[in-house]
2 protein chains.
Amino acid sequence: MIDRDKFLKAKKNMLDEDTIFNVSNLYKVFSDETRLKILNILLDNELCVYDIAELLDMTHSSISHQLKVLRDMKLVKAHKHGKNVYYTLIDDHIERIIKIGVEHVNEK
Amino acid sequence: MIDRDKFLKAKKNMLDEDTIFNVSNLYKVFSDETRLKILNILLDNELCVYDIAELLDMTHSSISHQLKVLRDMKLVKAHKHGKNVYYTLIDDHIERIIKIGVEHVNEK
DNA sequence: ATTATATATGAATATATGTTCATATGTGAG
DNA sequence: CTCACATATGAACATATATTCATATATAAT
């Protein structure tokens with residue numbers, strides 16, 4: 001260690017463990033291609049599991065599992081209409097997070 | 001499937017596979033607690049591996065491995081000074097991404 | 001030159017996680 | 001009421017990945 005002042009300043013600005021845990025968990029959601037696709041689709045639309053599975057060309061089971069993750073993270077909400085369950089986004093951070101990500105990778 | 005127009009509109013707005021892949025990989029970086037801590041520390045400071053390991057109370061090896069991930073993702077750059085290797089952030093998206101994440105989890 | 005220090009890295013291990021498969025639940029149609 | 005359809009979910013499996021351990025490299029100090 002070289003500079004004691006710099007070291008202490010850095011220590012002071014560290015985020016607490018809870019915040020780190022929660023933020024990393026939030027971004028874990030966006031780190032999976034399937035979930036990212038689902039969230040991006042739901043930006044513009046309210047869709048049911050069946051439609052999402054069709055759009056992504058994946059099994060309904062797989063989509064359903066991932067929607068559960070998104071529900072648990074309180075990023076989407078569901079409402080039933082007949083046999084179908086329609087999903088919509090809850091959080092307005094989602095759009096910003098996707099936009100920044102896309103912006104970032106497009107700059108390369 | 002219920003609404004053909006809605007379905008087609010959704011299909012049109014889907015991100016291409018490359019973008020999805022790259023964005024998910026970007027957020028994979030932020031989904032690990034150690035990497036998130038490192039990036040957050042580097043927001044305000046230029047620090048060497050030794051300091052980072054001390055601050056996070058982790059092995060130098062572990063930190064070094066994660067710094068390699070960050071280098072490979074072109075989020076940090078390194079410059080040598082004597083025995084030490086100092087790391088700094090390359091990208092200005094990093095701060096925005098961390099800030100939105102923190103903002104999100106603090107709202108709950 | 002030799003030793004100590006800082007960093008990097010490959011291999012191994014343990015853990016986390018996404019998909020598949022089987023099955024259950026709930027709803028509308030006939 | 002029975003059947004088909006949409007969704008949910010637990011278990012199993014395969015894969016990805018973070019840390020540890022051992023070791024290598026580079027530089028500074030003595």
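Computed from a prediction, not measured in an experiment: that's the story for all the values here. Below, chain A is the first sequence line, B the second, and so on; all start at residue 1.
Distances from the side chain of B:Ser64 to the nucleotides C:dT9, C:dA6, D:dA8 place C:dT9 closest. Counting only heavy atoms from C-beta on, A:Lys83 has its side chain closest to C:dG26 among C:dG26, D:dT27, C:dA6. Side-chain atoms of B:Arg35 lie closest to D:dA18 of the nucleotides D:dA26, D:dA6, D:dA18. Closest contact between the side chain of B:Tyr50 and the listed nucleotides C:dA6, D:dT19, D:dA6 involves C:dA6. For B:Lys28, whose side chain is taken as the heavy atoms from C-beta onward, the closest listed nucleotide among D:dT17, D:dT19, C:dT9 is D:dT17. Each of C:dT20, C:dA8, D:dT7 was ranked by its minimum atom distance to the side chain of B:Val49; first place goes to C:dA8. Listed nucleotides: D:dA6, D:dT19, D:dA8. Nearest to the side chain of A:Asn84: D:dA6.
C:dA16 atom P lies 12 Å from atom CG of A:Asn25, rounded to whole Å. Rounded to an integer number of Å, the gap from A:Leu47 CG to D:dA6 C1' is 15 Å. Distance A:His60 NE2 to C:dT27 C1': 16 Å, rounded to the nearest Å. Atom CG in B:Leu70 sits roughly 10 Å away from atom P in D:dA18 (whole-Å rounding). Atom-to-atom, CD1 of B:Ile20 to P of C:dG18 comes out at 15 Å; the value is rounded to the nearest Å. At whole-Å resolution of the value, CD1 in A:Ile63 and P in D:dT9 are 15 Å apart. One interatomic measurement links the two molecules: NE2 of B:His79 to C1' of C:dA8, which rounds to 18 Å at whole-angstrom precision. The nearest whole Å value for the distance from the CD1 atom in B:Ile52 to the C1' atom in C:dA6 is 13 Å.
For B:Gln66 and D:dT19, the shortest distance from a side-chain N or O to OP1 or OP2 is below 4.0 Å. Taking only side-chain nitrogens and oxygens, B:Thr59 comes nearer than 4.0 Å to OP1 or OP2 of D:dT20. Between B:Tyr87 and the phosphate of C:dA6, there is no side-chain N or O to OP1/OP2 separation shorter than 4.0 Å. One finds a side-chain N or O of B:Arg71 lying less than 4.0 angstrom from the OP1 or OP2 phosphate oxygen of C:dT9.
No hydrogens or angles were tested; on distance alone, a donor-acceptor pair under 3.5 Å links the side chain of B:Ser61 to the base of C:dT9. Remark: the A:His65 side chain and the C:dT20 base include a donor-acceptor N/O pair separated by less than 3.5 Å.
Donor-acceptor pairing under 3.5 Å is recorded for the side chains of B:Asn45 and A:Lys9.
A residue-by-residue look at A:Gly82 and A:Met58 shows that A:Met58 has its nearest nucleotide of DNA chain C further toward the 5' end. Along DNA chain C, the nucleotide closest to A:Lys80 and the one closest to A:Asp32 are compared, and the more 5′ of them pairs with A:Asp32.
B:Leu67 approaches B:Val76 most closely through the heavy-atom pair O-CG2, 4.2 Å.
Under 4.0 Å is where a charged nitrogen must lie from a carboxylate oxygen, and between A:Glu17 and B:Lys37 at least one such pair does. Using a 4.0 Å cut-off between charged nitrogen and carboxylate oxygen, B:Asp92 and B:Arg96 do not count as a salt-bridge pair.
Using cut-offs of 30° and 60° for the angle between ring planes, the A:Tyr27 and B:Tyr27 rings count as parallel.
With hydrogens and angles ignored, the 3.5 Å screen pairs no side-chain donor or acceptor of B:Ser64 with any backbone N or O of B:His60.
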